[in-house]
Number of protein chains: 2
Amino acid sequence: MGGVSTTAPAAGSRDLPHPACDEIRLETVLHALSDPMRLQIVRELAADGGELSCSQFELPVTKSTSTHHFRVLREAGVVRQIYRGTAKMNGLRREDLDDLFPGLLDSLLAAATRQAVRLGG
Amino acid sequence: MGGVSTTAPAAGSRDLPHPACDEIRLETVLHALSDPMRLQIVRELAADGGELSCSQFELPVTKSTSTHHFRVLREAGVVRQIYRGTAKMNGLRREDLDDLFPGLLDSLLAAATRQAVRLGG
DNA sequence: CCCATTGTACGAGAGACATCGTAGTTTGAC
DNA sequence: GTCAAACTACGATGTCTCTCGTACAATGGG
């Protein structure tokens with residue numbers, strides 16, 4: 001049955017499950033961001049604006065734990081993850097989140113920055 | 001040592017410990033709001049604008065559990081609680097939160113309302 | 001003083017979570 | 001084919017959280 005490959009995913013793609021927009025729950029997003037490690041990840045992603053591989057984050061935890069945190073963020077609908085070679089790239093789902101919860105992400109990021117300034121110096 | 005009673009608390013007051021503004025942590029606030037029950041409480045408090053006693057909330061849990069949730073909100077710095085007779089009144093710490101994290105509470109409440117509309121109707 | 005109302009304290013149980021270590025898979029380079 | 005790099009899967013462990021039930025404390029009204 002040919003034709004499957006016309007719009008098929010790129011060869012060798014390992015797809016990761018992401019929640020659709022209407023499956024994203026506010027409580028789940030808040031829970032994902034209530035962990036300091038994950039909030040830091042999101043802050044760095046927002047600062048970068050593009051995509052970052054998992055290994056570019058220098059988190060004070062093992063790689064197993066990193067994997068766990070990135071998955072929580074992806075399953076909450078906060079980040080999008082795709083494989084690129086051996087790396088797994090992460091990007092903020094900014095448009096989706098802004099559509100669902102206008103202004104929320106910006107407020108959260110501003111609050112996080114403000115707190116970092118307040119606590120850090 | 002003397003004069004302790006000059007500005008002593010009102011007779012019979014049972015004071016509750018609240019975090020000072022500079023002790024309120026964003027992660028803790030987000031965690032407090034990541035529970036559906038507590039998010040609902042905060043939504044009702046914001047809708048009312050004033051103070052509500054614990055018993056005015058009709059939550060689908062026992063009183064013990066209610067007490068627990070209100071305490072989590074208070075210890076996170078989200079609500080202020082004071083005794084008034086046998087009742088314990090709850091009020092949003094709106095000014096404190098707006099000072100610390102400008103716009104965050106409004107965004108969160110708007111997001112919660114939006115999601116309620118999306119899911120409920 | 002007695003009592004109803006309101007909320008607390010304490011303990012328990014079930015489940016979720018953050019963390020780790022080890023072993024394994026996938027990919028790209030040589 | 002071989003190898004290193006990046007990431008995952010699985011299990012273990014200790015901690016936290018949500019829930020409840022029962023027993024208790026504080027307040028205000030007769």
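Letters A, B, ... mirror the listed sequences (proteins, then strands); counts begin at 1. In what follows, every heavy atom counts, from backbone to side chain, and hydrogens, waters and symmetry copies are set aside. No experiment lies behind these values; they were computed from the predicted model shown.
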key: Note: R94(A)-D106(A) ion pair, threshold 4.0 Å (strictly below)   = yes
message = Without decimals, in angstroms, what is the distance between M37(A) CE and dC17(C) P?
response = 16 Å
query = Side chains of H31(A) and R38(A): does their closest heavy-atom pair fall under 4.5 Å?
reply = yes
message = Base, sugar-phosphate or nothing for S53(A)? Non-hydrogen atoms, less than 4.0 Å.
response = sugar-phosphate
query = Please give, in whole Å, the distance from dG7(C) C1' to R84(B) CZ?
reply = 16 Å
ask   = Checking all strands, does H69(A) fall into the base, sugar-phosphate, or nothing category for heavy-atom contacts under 4.0 angstrom?
value = sugar-phosphate
inquiry  = Using whole Å, what does the distance between atom P of nucleotide dA6(D) and atom CG of L59(A) come to?
reply    = 15 Å
inquiry  = Distance check needed: dT17(D) C1' versus E27(A) CD, whole Å only.
reply    = 16 Å
request  = Tell me what S55(B) touches on the nucleic acid: a base, only sugar-phosphate, or nothing, going by heavy atoms under 4.0 Å.
outcome  = sugar-phosphate
message = When you measure only distances, ignoring hydrogens and angles, does the side chain of S64(A) come within 3.5 Å of the base of dA9(D) through a donor and an acceptor?
response = yes
message = Rounded to whole Å, please give me the gap between NZ in K63(A) and P in dA23(C).
response = 15 Å
query = Out of dC7(D), dT19(C), dA9(C), which has the shortest distance to the side chain of R71(B)?
reply = dA9(C)
key: Carboxylate-amine/guanidinium contact E51(B) R84(B), below 4.0 Å   = yes
task = Using atom CZ of F70(B) as one end and atom P of dT19(D) as the other, report the distance to the nearest whole Å.
result = 13 Å
ask   = Rounded to the Å, how far apart are Y83(A) OH and dA5(D) P?
value = 19 Å
message = Classify R38(B) by what it touches in the nucleic acid, base, sugar-phosphate, or nothing, heavy-atom distance under 4.0 Å.
response = sugar-phosphate
task = Look at the side-chain N and O atoms of T65(A) and state whether any lies under 4.0 Å from the OP1 or OP2 oxygen of dA18(C).
result = no
query = Below 4.0 angstrom from OP1 or OP2 of dC7(D), is there any side-chain N or O of T67(A)?
reply = no
query = Within this structure, what is the CG-to-C1' distance between D15(A) and dT26(C), rounded to whole angstrom?
reply = 14 Å
ask   = Are any non-hydrogen side-chain atoms of P19(B) and R25(B) less than 4.5 angstrom apart?
value = no
query = From dC7(D), dA6(D), dG7(C), pick the nucleotide closest to the side chain of T86(A)?
reply = dA6(D)
message = Would you say T62(A) and T65(A) are linked by a side-chain donor-acceptor pair, where the criterion is simply a distance under 3.5 Å?
response = yes
request  = Can you figure out which of dC18(D), dG21(C), dG21(D) approaches the side chain of T62(A) most closely?
outcome  = dG21(C)
inquiry  = Assuming nearest nucleotide by heavy-atom distance, tell me which of V61(A) and H31(A) is located more 5' along DNA chain C.
reply    = H31(A)
